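So the structure is just underneath, and the comments pick up after that.
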Number of protein chains: 2
Amino acid sequence: MRADARKNYEHLLAVAREVVAEQGADASLRDIARKAEVGLGTLYRRFPTREALLETLLRETFDNLSARAKELMLAKDTGAALILWVREAVSYAQNYRGVIATMVAAIEDPESALHDSCVVMRAAGAELLSRAQSEGKARIDMEGFDLFALISALAWLRDQPSFLPRADYLFSLITSSIFTNVASSR
Amino acid sequence: MRADARKNYEHLLAVAREVVAEQGADASLRDIARKAEVGLGTLYRRFPTREALLETLLRETFDNLSARAKELMLAKDTGAALILWVREAVSYAQNYRGVIATMVAAIEDPESALHDSCVVMRAAGAELLSRAQSEGKARIDMEGFDLFALISALAWLRDQPSFLPRADYLFSLITSSIFTNVASSR
DNA sequence: ACCTGAACACCGTTCAAGT
DNA sequence: ACCTGAACACCGTTCAAGT
């Protein structure tokens, strides 16, 4: 990449990070380009889709979560390690409002730039889950898929201002289901 | 209302119901007016906001849910009655994709046309919840607020195509948290 | 009283024209 | 190689002009 292009790229990313943090994952791309003082086409050249931009913004987050999962695989209390990782995943997602819906869609769409990262993240959670299950610390009918869904629901709840006052309670309520023994569908 | 106005109104509603069922709660209002063969201003005259339109479309749903709650207050198994009502609420929400986010926002916004209906719905659930609680059939630290949040999360999960294959399981998983005894936040 | 649609200020996306 | 911004096809919302 040429030096001037590189500079544009870096600046674009910095501005995008701010704008997305402020306006959410569906922020106006036009607005980002404008605030970065860059032509709209330049943004599209570097990030052909919105997912591509989000993926770059979330790169660090995904790496951190993977590293954290690896660490937590060594923790003594497997149940606590699982919940802690879920909490961190939700907390990261909170940085970019609305990003969770895009991630959920991406995990079933191999074409999405976010696909691979989401799959890796789900796999990391699945490992922590199955380790807890092997010690009887999590219900055995849950799969990595379900854990990803639970994290998504928790992240979505956090995104709703109405629910903010009870966000911590709702987290503990919903995660408590991981420890119930049977599927009481009634 | 004049006869011609009434006719426009009815037709508009019928078309809106179809389009929203198909495209979700954020369907194009322009598209609705176009398909109803009515000027865009006519739609805005009858439904000054998107919430107003959704409220009219959901009128019947809200009434049904209220009636159902009343019936279920007489059921013998208070726990089963609660879960059944939650299931029906989620099922109704499913008719209009994305409507749950609007409802969640509306419940804290007295200006929204959906506000009152959402509050009534939450109150209906709260009654079923507290009846179950009085018999030890639901954890006592839950409030109507939390039940509404749980229903919202369940409805949101159902709206995500990725999660469809495990939707029933996820319902039973998350609702099982209602029966856990303590907040295991770990 | 009611209806219409142009007008305005926004989008996302593409691509011809420039350096 | 890279950048720009006009062009196109869409929005939501308002409101002057018509019946």
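Reminder, nothing fancy here: chain letters follow the sequence lines and each chain counts from 1. Given the structure is predicted, the values throughout are model-derived calculations rather than measurements.
- Between the CD atom of A:E51 and the C1' atom of C:dG12 there is a distance of 13 Å, given to the nearest Å.
- Base-pair partner of D:dA6: C:dT14 (Watson-Crick or G-U wobble, both distances under 3.5 Å).
- Between A:M142 and B:Y169, some side-chain heavy-atom pair lies under the 4.5 Å cut-off.
- Mapping B:R30 and B:D4 onto DNA chain C via the closest heavy atom, the residue that lands nearer the 5' end is B:D4.
- Using a 4.0 Å heavy-atom cutoff across all strands shown, B:R6 reaches no nucleic acid atom at all.
- Between A:S28 and C:dC10 there is no side-chain N or O to OP1 or OP2 distance below 4.0 Å.
- Distance CG (A:L40) to C1' (C:dC15): 12 Å, rounded to an integer number of Å.
- Checked for salt-bridge contact, A:K35 and A:E18 miss the test: no charged N lies under 4.0 Å from a carboxylate O.
- Look at CD on A:E10: it is 14 Å from P on D:dC2, rounded to the nearest Å.
- Proximity of A:T42 to the phosphate of D:dC2: no side-chain N or O atom is located under 4.0 Å from OP1 or OP2.
- Between the CG atom of A:D146 and the CZ atom of B:F163 there is a distance of 9.5 Å, given to the nearest 0.5 Å.
- One interatomic measurement links the two molecules: CE of B:M1 to C1' of C:dA1, which rounds to 11 Å at whole-angstrom precision.
- Between A:R34 and D:dT4 there is no side-chain polar atom (N or O) within less than 4.0 angstrom of OP1 or OP2.
- Residue B:L12 contributes atom CG, which lies 14 Å from atom C1' of C:dT4 at whole-angstrom precision.
- A:A27 comes within contact range of the sugar-phosphate backbone alone, with a heavy-atom separation under 4.0 Å but no base atom that close.
- Side-chain proximity of B:A5 to the nucleotides D:dG12, C:dA1, C:dC3 is greatest for C:dC3.
- Contact annotation: A:N8 reaches the phosphate of D:dC3 (side-chain N/O to OP1 or OP2, under 4.0 Å).
- A straight line from CZ of B:R45 to P of C:dG5 spans 15 Å, rounded to a whole angstrom.
- Where B:L29 and A:G39 each meet DNA chain D at their nearest nucleotide, the meeting point lying more 5' is that of A:G39.
- The residues A:E135 and A:R131 are annotated as not salt-bridged, no charged nitrogen and carboxylate oxygen being separated by less than 4.0 angstrom.
- In this structure, CD1 of A:I32 is placed 8 Å from P of C:dG12, rounded to the nearest angstrom.
- The distance from atom OH of B:Y44 to atom P of C:dA7 is 18 Å, rounded to the nearest whole Å.
- The pair A:E10-A:K7 fails the salt-bridge criterion, with no side-chain N (NZ, NE, NH1 or NH2) lying under 4.0 Å from an Asp/Glu carboxylate O.
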